[in-house]
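First the structure, in the form of structure tokens, and then the observations on it.
None of these values were measured; they are calculated from a predicted model. Side chains are part of it too, since the values below use all heavy atoms of this structure and drop only hydrogens, waters and symmetry mates. In listed order, ligands and their atoms are each counted from 1.
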Amino acid sequence: MIFYGVLFTILVASGVNIQYYINSYVPDGCARIHNEFIEKQATKFTYADVKDCYKSFPFDKEVASKTIDTLTGLLGGFYSFLDKAKESPQPGFDFKAMDLIAELELFRNKSYTTLYDFTIDVGHLFNDLKDAHTNFKSNCFTTFAFYTNMTFYSVVDNGEQKIKVFNDTIDRSNIDCEVTHIDGQKAFQVISEYAKNSVYASRDLGVRFNIALDFTSTITSFAIRYEIPKKPDITYTLKCNNSNEFEVKRNWVAFSSHIFLNKFIDSKSYFDNICNPIKGNRQFISSNFKFQEITNIFNSANSLLAEQDQSVTRIAIVDDFIGFFKLEDFGVIKILTEYPAVLSDDTLDKVILGFKRLANTGVKKVVLDLSDNLGGYLFLILFFNLLLFPNTYPSFDFDTRISEQMRLAITEQFKLATRNNIFNMKVYVNATTHANFTSANDFFGNNVYTRGGVIGNYSNKYTVMDDILNEISQFILNLTTPVSWKPENYIILTNGLCGSACAFIAEHAVEFNNVTTVAVGGIAYNTSLSYSSFPGGSTVNSTQIFESLGKLGLLSNNLMPKPFPLTGMSITFPINEMYSKINPDEILEFAFRPAKFRLFYDEKNIRNISMLWSQAAALIGSK
Ligand SMILES: *[C@@H]1O[C@H](CO)[C@@H](O)[C@H](O)[C@H]1NC(C)=O
Ligand SMILES: *[C@@H]1O[C@H](CO)[C@@H](O)[C@H](O)[C@H]1NC(C)=O
Ligand SMILES: *[C@@H]1O[C@H](CO)[C@@H](O)[C@H](O)[C@H]1NC(C)=O
Ligand SMILES: *[C@@H]1O[C@H](CO)[C@@H](O)[C@H](O)[C@H]1NC(C)=O
Ligand SMILES: *[C@@H]1O[C@H](CO)[C@@H](O)[C@H](O)[C@H]1NC(C)=O
Ligand SMILES: *[C@@H]1O[C@H](CO)[C@@H](O)[C@H](O)[C@H]1NC(C)=O
Ligand SMILES: *[C@@H]1O[C@H](CO)[C@@H](O)[C@H](O)[C@H]1NC(C)=O
Ligand SMILES: *[C@@H]1O[C@H](CO)[C@@H](O)[C@H](O)[C@H]1NC(C)=O
Ligand SMILES: *[C@@H]1O[C@H](CO)[C@@H](O)[C@H](O)[C@H]1NC(C)=O
Ligand SMILES: *[C@@H]1O[C@H](CO)[C@@H](O)[C@H](O)[C@H]1NC(C)=O
Ligand SMILES: *[C@@H]1O[C@H](CO)[C@@H](O)[C@H](O)[C@H]1NC(C)=O
Ligand SMILES: CC(=O)N[C@H]1CO[C@H](CO)[C@@H](O)[C@@H]1O
């Protein structure tokens with residue numbers, strides 16, 4: 001099969017460079033890190049070392065100004081939600097409605113001491129949108145992660161929400177103790193504020209609260225961070241076994257891996273090789289990998305079950321992708337990602353075999369666990385939607401905001417038909433007629449909508465080509481008869497961190513098939529919690545945009561943005577919008593969709609996922 005490369009995901013990448021090594025001493029933070037690395041093979045460093053290294057690059061007004069030019073050019077030209085993001089949130093959502101370009105313009109007059117301060121401040125502006133897809137990053141400041149060797153969870157105890165210690169690799173007797181205070185403030189308050197201000201991967205604050213405590217995902221959490229914490233240490237007040245409270249003071253320790261540590265000897269080489277590497281000399285390493293290197297925690301279907309759990313039968317596992325389990329009288333399908341390392345006919349065969357084996361056990365109820373899932377290929381969305389619900393159409397409708405720049409790029413791509421171009425709209429068809437787009441104007445149409453007070457042009461609605469759907473359906477039919485479960489036999493279980501492609505699958509199950517949903521965790525005093533986040537649209541990064549424009553000969557066109565002043569900088573964002581089926585004028589990214597049912601974590605189900613699965617399965621068929 002041809003695997004359709006459109007991405008619905010948030011893969012954050014960072015740049016590294018070729019190894020080079022000169023034995024000289026420079027008294028700066030980056031050099032101290034290098035020396036520790038060489039002399040002691042250290043991969044853990046002090047707060048002060050990393051802070052001094054990161055803050056060794058002075059603010060440069062010229063770099064800042066060019067960065068703002070590139071950002072406003074890219075967003076103005078290609079960001080699908082530029083105007084939509086100016087509208088205030090629907091009830092249930094919490095984000096800053098803003099004119100992103102106007103806000104960026106304000107940075108031109110701001111002054112900073114260091115490049116770090118500028119970069120982080122601009123990053124925070126993007127984060128205020130609370131959209132995991134829309135990000136500004138510099139590789140310069142993602143080399144280290146900060147950690148205090150403690151992770152947390154939250155329970156609701158007699159109506160009171162508490163924070164507890166999930167794991168403490170320094171003193172295991174602290175595990176399960178209540179954290180009453182963090183730096184003297186109520187722990188629940190501190191985590192909630194962190195979720196509100198610093199977590200950005202959901203527009204739902206309750207989901208952000210879950211993410212703040214999440215230690216399996218690659219997204220910044222309270223316990224594991226990429227930004228320099230405000231101070232070098234943190235004090236937790238613990239209360240264990242109803243005994244007296246006591247304080248544990250921990251230093252933030254900064255972790256990195258050999259891959260990055262081999263790239264520099266001092267701040268100059270750090271800058272040249274990580275912040276601004278020479279083009280062509282860049283390799284990308286996903287932060288997934290980085291995170292695994294740092295904490296050795298990873299998400300694999302095999303490691304979901306803490307120990308050999310007698311209550312669970314493993315039916316089939318396609319590792320790092322999907323697991324099939326049977327418990328009591330129900331089945332569990334755990335999808336970890338739609339971005340498996342290998343996507344081939346063989347992988348899909350194995351997935352289909354898992355479905356078949358689970359069906360053959362005779363289970364009549366299925367929990368579809370989509371927690372901690374950050375998305376992946378459009379191809380796999382279609383595959384899962386056709387496999388699970390062969391009787392409904394597998395896709396939503398899309399459209400694109402047609403700026404002058406977008407119009408030019410799509411028009412040129414129609415003429416030149418270059419390969420692997422993000423402006424290639426011939427992979428889609430008219431959503432009404434399912435006819436191919438034969439010209440750019442066919443695609444553009446003449447829809448005019450007012451969003452955030454701005455009148456804008458939007459393309460005809462489009463969807464996926466029937467040929468692609470038929471091929472996937474045929475592939476499935478070649479291997480199996482349609483699964484026998486009906487939509488009412490499923491329940492979707494998530495912690496709300498079911499993003500992008502995952503959100504697409506969940507929203508499709510709900511909107512097209514009435515599948516019921518249950519969300520776990522969140523903030524207890526809020527009655528509702530989203531089952532998915534950032535459905536967005538397909539996402540691209542700035543590198544892809546510049547490469548695609550390059551193929552069209554548009555890089556030096558006056559309308560188009562100029563590259564970032566530092567090659568380590570990049571942004572990602574969605575380039576199209578996805579519409580609800582039930583409310584055809586509603587953009588899913590901005591639609592608050594709470595789960596029908598709600599569960600909370602407790603001291604047991606936080607460590608024993610099969611208990612959570614049983615709680616979810618018990619809701620199948622209930623009102
Ligand atoms: C941009 O996206 C491409 C394709 O997914 C990926 O290979 C590349 O690493 C990304 N680059 C950055 C800077 O994120
Ligand atoms: C920046 O400052 C200049 C001069 O002080 C002023 O004219 C301009 O309007 C300011 N720009 C913004 C975006 O605030
Ligand atoms: C706590 O962390 C240690 C060290 O990484 C690990 O061996 C142990 O399994 C973890 N405990 C729990 C309950 O996750
Ligand atoms: C803290 O955690 C890191 C990463 O898991 C580990 O390498 C280190 O040994 C831990 N420190 C202590 C003192 O246990
Ligand atoms: C709390 O009790 C458990 C067992 O009851 C024990 O293992 C643990 O060390 C105790 N924690 C503290 C801090 O006393
Ligand atoms: C998890 O909970 C189930 C159901 O209560 C129980 O049968 C099983 O033994 C538990 N597993 C572990 C590893 O504690
Ligand atoms: C595509 O669909 C729109 C309605 O969404 C319709 O107005 C338009 O004429 C169609 N274009 C073609 C080429 O079929
Ligand atoms: C539409 O385009 C695809 C490939 O771009 C082609 O395979 C298909 O035959 C076309 N369909 C029609 C009806 O022209
Ligand atoms: C919308 O498209 C029309 C026709 O191409 C053009 O004249 C107009 O300026 C566009 N409006 C906006 C807001 O881009
Ligand atoms: C399905 O099977 C038929 C007959 O074996 C084969 O020709 C066709 O290529 C297969 N289709 C897919 C999509 O695998
Ligand atoms: C879903 O449920 C609603 C109301 O309960 C009903 O109107 C609708 O037809 C159902 N849709 C499907 C696809 O079953
Ligand atoms: C869904 C919902 O009710 N969300 C609310 C949860 O609480 C915060 C803060 O009180 C509100 O901002 C949310 O709207």
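Side-chain atoms of Ser202 and Asp204 form no donor-acceptor pair, as typed in the model, at a separation below 3.5 Å. Side chains of Asn276 and Thr567: a donor on one and an acceptor on the other come within 3.5 Å. Judged by distance alone, the side chains of Asn241 and Ser243 never bring a donor and an acceptor atom under 3.5 Å apart.
The aromatic rings of His34 and Phe264 lie tilted to each other, with the angle between the two planes from 30° to 60°.
Of the candidates Asn608, Val312, Leu327, Asn608 brings a heavy atom nearest to atom 14 (O) of ligand 6. When the heavy-atom distances from atom 10 (C) of ligand 4 to Thr148, Asn149, Thr169 are ranked, the shortest goes to Asn149.
With ligand atoms numbered from 1 in the order given, ligand 3 contributes 8 (C), 11 (N) to contacts under 4.0 Å with heavy atoms of Arg172. Of all atoms in ligand 4, listed by their number and element, those nearer than 4.0 Å to a heavy atom of Lys44 are 8 (C), 9 (O). Atoms of ligand 6 found under 4.0 Å from any heavy atom of Ser311, numbered from 1 in the order shown, are 3 (C), 7 (O), 8 (C). Close contacts of ligand 4 with Tyr147, meaning ligand atoms under 4.0 Å from a residue heavy atom, involve 2 (O). Each of the following atoms of ligand 3 lies closer than 4.0 Å to a heavy atom of Asn167: 1 (C), 2 (O), 3 (C), 8 (C), 10 (C), 11 (N), 12 (C), 14 (O). Within ligand 6, counting atoms from 1 as listed, the ones closer than 4.0 Å to a heavy atom of Ser610 are 1 (C), 2 (O), 3 (C). Counting the atoms of ligand 3 from 1 in the order shown, those under 4.0 Å from a heavy atom of Arg607 are 13 (C).
Between Arg250 and Asp168 a salt bridge is recorded (basic side-chain N to carboxylate O distance below 4.0 Å). Salt bridge absent: Arg607 and Asp602 never bring a charged side-chain N and a carboxylate O closer than 4.0 Å.
Residue contact annotation: Gln310 has no non-hydrogen atom under 4.0 Å from ligand 6.
Looking only at distances, no side-chain donor or acceptor of Asn35 sits under 3.5 Å from a matching main-chain atom of Ile38.
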